[in-house]
Peer 1: 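Encoded as structure tokens, here's the structure I'll be asking about.
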2 protein chains.
Amino acid sequence: MTNTVQNDWPAGIKRTRQRKSVLSILEDSEKPLSATDICAKMEKGGCAAWLSTVYRILELFVKKGVAIKTNVMNNEMAVYELNRFKHKHYAVCLNCHKIIVMDNCPMDTFIPQLEEKGFHIMGHNLEVFGLCKDCSPT
Amino acid sequence: MTNTVQNDWPAGIKRTRQRKSVLSILEDSEKPLSATDICAKMEKGGCAAWLSTVYRILELFVKKGVAIKTNVMNNEMAVYELNRFKHKHYAVCLNCHKIIVMDNCPMDTFIPQLEEKGFHIMGHNLEVFGLCKDCSPT
DNA sequence: AAATCAAATGCGAATAATACGCATTTGCAC
DNA sequence: GTGCAAATGCGTATTATTCGCATTTGATTT
């Protein structure tokens, strides 16, 4: 497990062993992870923590803007990712639940239209669902 | 409670009292409802059903394409709405909750890119939030 | 470096949405 | 009307997430 150096620790968050571990896991993953995923990775990495602790850390990270919480489609489990301040969107396979990262944002061409109407966009969520290459019947 | 006439009953779905009730409730509501909401409306409308039954009916409706299931803004409860087969997207003002209808869909220009990757898109959700003309500070 | 103390964690138990199992009932084809 | 597969009533199970509280830990002060 790569242990990313955390140069800029988010302000107002006490540095604990568990929090450092969660942050480095989020830093090392380019895909959003569930609380259980993170908990398992922590155990594997030799820094085991209780699941409720992981939930509390993630909740804090979200509140501080360090992480982003999303509910991928009809999935009952929330996933978390590092807030990298450049937003990404995901396409989720309905069959195998594989997540495909989209390279760019369809809103880019769309924002000007709304801004013209005087609407100041502060954020958006986009979820695309369908069948990935491996799950397509054709 | 208005009882909308259901001329075109979805194919392959047995017409039961409970299902007719759920469908008419979805037809009469212009905003998405949770399973609990629907259950309460059924009871009020004199057609009480068990909550688990409502869940089963909604699950079926979603599978048959009659209804759409969504998780609004990381909320823990799923909501259901009738699939009206004309998709619209809305921009919601964070302050006054005014809803601005978007004229067209930003995904239109985006779909080909994912299809190229072998991902077969079956649908998408988009939520835009920000401040409308009247609520902008400038 | 030791003392201090608020804050974080370990741990289990509680909650809440949703799924499941099975006996009974119901809608539909004949 | 009869037969039967499918749907529902009803309770219980499951699963993600939160809560409560005693113990521990990280920062701060002396």
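Numbered from 1 within each chain, the chains take letters A, B, ... in sequence-line order.
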Peer 1: Would you mind reading off the distance between A:L33 atom CG and D:dT17 atom C1', rounded to a whole angstrom?
Peer 2: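 After rounding, the reported distance stands at 17 Å.
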Peer 1: Between C1' on C:dC28 and NZ on B:K20, what's the gap in Å once rounded to a whole number?
Peer 2: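 Rounded to whole Å, this separation is 13 Å.
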Peer 1: With B:T53, which residues qualify under side chain to side chain contact (heavy atoms under 4.5 Å, CB included), at least two apart?
Peer 2: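 Counting only residues at least two positions away or on another chain, B:T53 forms a side chain to side chain contact (heavy atoms under 4.5 Å, CB included) with B:W50, B:R56, B:I57.
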Peer 1: Applying side-chain contact (heavy atoms from CB on, under 4.5 Å) between B:K41 and each of B:D28, B:I25, B:T36, report the one that passes.
Peer 2: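 For B:K41, the side-chain contact (heavy atoms from CB on, under 4.5 Å) check succeeds only for B:I25.
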Peer 1: Quick one: do A:W9 and A:K20 satisfy side-chain contact (heavy atoms from CB on, under 4.5 Å)? Show the steps, please.
Peer 2: CA-CA 9 Å; A:W9 184 263; A:K20 281 189 276 185; 3.7 Å; yes
Peer 1: What are the two closest non-hydrogen atoms of A:V66 and A:P10, and how far apart are they?
Peer 2: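 Taking every non-hydrogen atom into account, CG2-CB, 3.6 Å.
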Peer 1: Going by the rule side chain to side chain contact (heavy atoms under 4.5 Å, CB included), which residues pair with B:L58 if we only count those two or more places apart in sequence or in a different chain?
Peer 2: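 Residues passing side chain to side chain contact (heavy atoms under 4.5 Å, CB included) with B:L58: B:V22, B:L26, B:A35, B:I38, B:V54, B:Y80.
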Peer 1: Kindly calculate the angle separating the two end axes of the helix from C:dA1-D:dT30 to C:dC30-D:dG1, each obtained from five base pairs, and round it to 10 degrees.
Peer 2: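 Taking five pairs per end, the axes differ by 40°.
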Peer 1: Test of understanding: with side chain to side chain contact (heavy atoms under 4.5 Å, CB included), list the residues that count as partners of B:T16, not counting sequence neighbours.
Peer 2: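 Checked B:T16 against side chain to side chain contact (heavy atoms under 4.5 Å, CB included); matches are B:Q18, B:R19.
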Peer 1: Please give me the minimum heavy-atom distance between A:C47 and A:S21, naming the atom from each residue.
Peer 2: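 For A:C47 versus A:S21, the nearest heavy atoms are SG-CB, 3.7 Å.
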Peer 1: Rounded off to whole Å, could you give me the NZ-to-C1' distance for the A:K69 and D:dT18 pair?
Peer 2: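 Computing the A:K69:NZ to D:dT18:C1' distance gives 11 Å.
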Peer 1: In whole angstroms, how far is the C1' atom of C:dT18 from the CG atom of B:L58?
Peer 2: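 After rounding, the gap between these two atoms is 11 Å.
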Peer 1: List the residues meeting side chain to side chain contact (heavy atoms under 4.5 Å, CB included) with A:E43, not counting sequence neighbours, and say none if there are none.
Peer 2: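 Partners of A:E43 under the side chain to side chain contact (heavy atoms under 4.5 Å, CB included) test: A:A48.
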Peer 1: What string of B, S and - do you get for nucleotides 1-12 of chain C, 5' to 3', when a contact is any protein heavy atom under 4.0 Å?
Peer 2: ------SSBBBB
Peer 1: Report yes if at least one side-chain N or O of A:Y55 is closer than 4.0 Å to OP1 or OP2 of D:dT18; otherwise report no.
Peer 2: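 For D:dT18, neither OP1 nor OP2 has a side-chain N or O of A:Y55 closer than 4.0 Å.
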Peer 1: To the nearest Å, give me how far apart CG (B:D37) and P (C:dT18) are.
Peer 2: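 Result: 11 Å.
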Peer 1: Whole angstrom is fine here: how far is it from CZ in A:R15 over to C1' in D:dT28?
Peer 2: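 For the pair A:R15 CZ and D:dT28 C1', the rounded distance is 17 Å.
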